[in-house]
Participant: 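This is the structure, below, for whatever I ask next.
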Amino acid sequence: MHVLILGGTSEARALAGLLHPRVRVTSSLAGRVAAPRLPAGEVRIGGFGGPEGLAAWLREHAVDAVIDATHPFAERISFNAAAAAATAHVPLLALRRPGWVPVDGDRWHDVASLAEAAAALDGLGDRVFLTTGRMGLATFADRPEWFLVRSVDAPEAPMPARTEVLLDRGPFTLDGERALLAAHRIDVLVTKDSGAAATAPKLTAAREAGIPVVVVRRPPVPTGVPTATTAEEAAAWAAARERDGR
């Protein structure tokens with residue numbers, strides 16, 4: 001059995017470790033991080049050339065199942081995967097960690113996009129901790145606030161004129177996030193609902209400090225694609241496909 005994992009997340013790496021070497025596993029990484037943490041099994045880096053290219057790759061490499069374990073906000077590849085899997089008649093599963101849920105004391109402002117997040121900053125404060133990744137900084141380029149931008153790799157222009165870049169990779173600790181918010185006198189946090197436990201401490205730190213949080217809601221999984229919430233559930237799904245001979 002050959003399983004293609006569309007990866008780049010901690011869940012994808014865990015899933016590859018659960019499946020390999022019992023089955024052949026190929027993990028596909030987008031290549032946006034300079035030094036990614038590589039999973040077990042075979043690894044390919046780069047795009048497929050849209051849904052048609054992915055469907056051709058599935059046929060050429062005799063893929064028996066696809067598991068989309070990309071970041072919850074990797075919307076394009078998820079929809080490409082759904083189209084390609086349907087074209088190539090290969091079963092597809094989406095592995096999505098549960099989203100964050102607000103608790104008492106949170107001051108969340110839910111928005112549907114980065115553009116809405118930028119607009120929501122009006123009146124919330126002048127010092128912004130921006131943790132939405134380096135790819136969407138252009139959306140905030142015209143904002144007047146001061147931004148602390150945290151990302152794994154250095155971002156490129158355009159970005160806000162008043163920006164300090166912090167290169168770091170999770171997991172992050174609660175004590176570390178408390179110290180960061182205090183040291184940089186943060187007024188407001190902007191984040192995507194990635195759902196990752198490794199980056200959740202910033203939400204607790206913001207709640208404790210009474211800091212408002214602008215949360216970008218995640219896009220939906222393509223219609224008709226079954227989902228799993230853990231690597232173990234996804235591995236069980238792959239095992240069932242293997243037993244069924246599909």
Side-chain angles (χ1 to χ4, degrees), residues 1-33 36-99 112-115 133 135-136 192-196 216-246:
M1 182 180 188
H2 186 192
V3 178
L4 173 66
I5 300 175
L6 303 174
T9 60
S10 58
E11 290 82 7
R13 290 190 296 274
L15 175 60
L18 291 172
L19 295 177
H20 176 81
R22 185 177 57 82
V23 301
R24 181 186 175 191
V25 177
T26 300
S27 294
S28 177
L29 308 181
R32 292 176 178 168
V33 176
R37 297 170 179 170
L38 297 181
E42 303 172 34
V43 177
R44 71 174 302 279
I45 296 178
F48 291 93
E52 297 82 6
L54 177 53
W57 198 93
L58 296 178
R59 295 191 187 99
E60 179 183 353
H61 295 271
V63 172
D64 300 294
V66 179
I67 300 178
D68 172 16
T70 55
H71 191 278
F73 283 84
E75 185 175 10
R76 177 177 296 179
I77 184 60
S78 293
F79 279 85
N80 285 352
T87 298
H89 303 289
V90 175
L92 169 67
L93 176 76
L95 172 54
R96 292 290 185 272
R97 63 180 78 123
S113 67
L114 288 179
M135 304 304 292
K192 292 178 177 178
D193 179 17
S194 66
V216 182
R217 295 189 300 272
R218 59 175 62 177
V221 172
T223 302
V225 176
T227 61
T229 59
T230 66
E232 290 76 13
E233 289 178 11
W237 177 87
R241 305 285 81 69
E242 184 179 18
R243 287 193 301 269
D244 293 344
R246 291 180 288 163

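All residue numbers in this chain count up from 1 along the given sequence.
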Participant: Do Thr26 and His61 come close enough that some side-chain heavy atom pair is under 4.5 Å?
Facilitator: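 No - every pair of side-chain heavy atoms lies 4.5 Å or more apart.
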Participant: Could you grab the distance from atom CZ of Arg97 to atom OG1 of Thr227, nearest 0.5 Å is fine?
Facilitator: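 So the CZ of Arg97 and the OG1 of Thr227 are separated by 14.0 Å.
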Participant: So, do Phe48 and Ser28 sit near enough that their side-chain heavy atoms are less than 4.5 Å apart?
Facilitator: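 The answer is yes; the side chains approach within 4.5 Å.
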Participant: Taking all heavy atoms of Ala69 and all of Ile5, pick out the closest pair and write down the distance.
Facilitator: CB-CG2, 4.1 Å
Participant: Can you name the nearest heavy-atom pair linking Leu95 to Ala234, along with the distance?
Facilitator: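 The answer is CD2-CB, 4.2 Å.
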Participant: CD/Glu242 to CH2/Trp237 distance, rounded to the nearest 0.5 angstrom?
Facilitator: 12.0 Å
Participant: Provide the closest heavy-atom pair for Pro51 versus Ala83 in the form atom of the first, atom of the second, distance.
Facilitator: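 For Pro51 versus Ala83, the nearest heavy atoms are CB-CB, 3.9 Å.
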Participant: Is the backbone of Asp68 close enough, under 3.5 Å, to the side chain of Arg96 for a donor and an acceptor to pair up by distance?
Facilitator: yes
Participant: Is a donor from one side chain sitting under 3.5 angstrom from an acceptor on the other, for His71 and Ser194?
Facilitator: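 Not at all, the side chains of His71 and Ser194 share no donor-acceptor pair under 3.5 Å.
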Participant: Output the distance between atom OG1 (Thr9) and atom CG (Leu15), rounded to the nearest 0.5 Å.
Facilitator: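 Interatomic distance, Thr9 OG1 to Leu15 CG, rounded to 0.5 Å: 8.5 Å.
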Participant: Does the side chain of Lys192 reach to within under 4.5 Å of the side chain of Leu114, using non-hydrogen atoms?
Facilitator: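 Answer yes - side chains close enough.
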Participant: Give me the atom names and distance for the closest heavy-atom approach of Val63 to Val90.
Facilitator: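 Closest approach of Val63 to Val90, heavy atoms only: O-CG2, 3.7 Å.
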Participant: Measure the spacing between CG of Leu38 and CZ of Arg13 and express it to the nearest 0.5 Å.
Facilitator: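 The distance works out to 9.5 Å.
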Participant: How about Arg59 and Thr87: do any of their side-chain heavy atoms sit closer than 4.5 Å?
Facilitator: yes
Participant: With rounding to the nearest 0.5 Å, note down the distance linking CD in Glu42 to OG in Ser27.
Facilitator: 9.5 Å
Participant: Mind checking whether Leu54 and Leu4 have side chains closer than 4.5 Å, heavy atoms only?
Facilitator: yes
Participant: Given Met1, which of Arg22, Arg241, Arg243, Arg24 fulfils the side-chain contact (heavy atoms from CB on, under 4.5 Å) condition?
Facilitator: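 Checked Arg22, Arg241, Arg243, Arg24 against Met1; only one passes side-chain contact (heavy atoms from CB on, under 4.5 Å): Arg241.
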Participant: Check whether Asp64 reaches the backbone of His2 with its side chain - one donor and one acceptor, N or O, closer than 3.5 Å.
Facilitator: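 Pair found, side chain donor or acceptor close to backbone of His2.
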Participant: Which pair of heavy atoms, one from Glu11 and one from Ala231, lies closest together, and at what distance?
Facilitator: O-CB, 3.8 Å
Participant: Taking all non-hydrogen atoms of both residues, which atom of Thr70 and which atom of Ser78 are closest, and how far apart?
Facilitator: OG1-OG, 3.6 Å
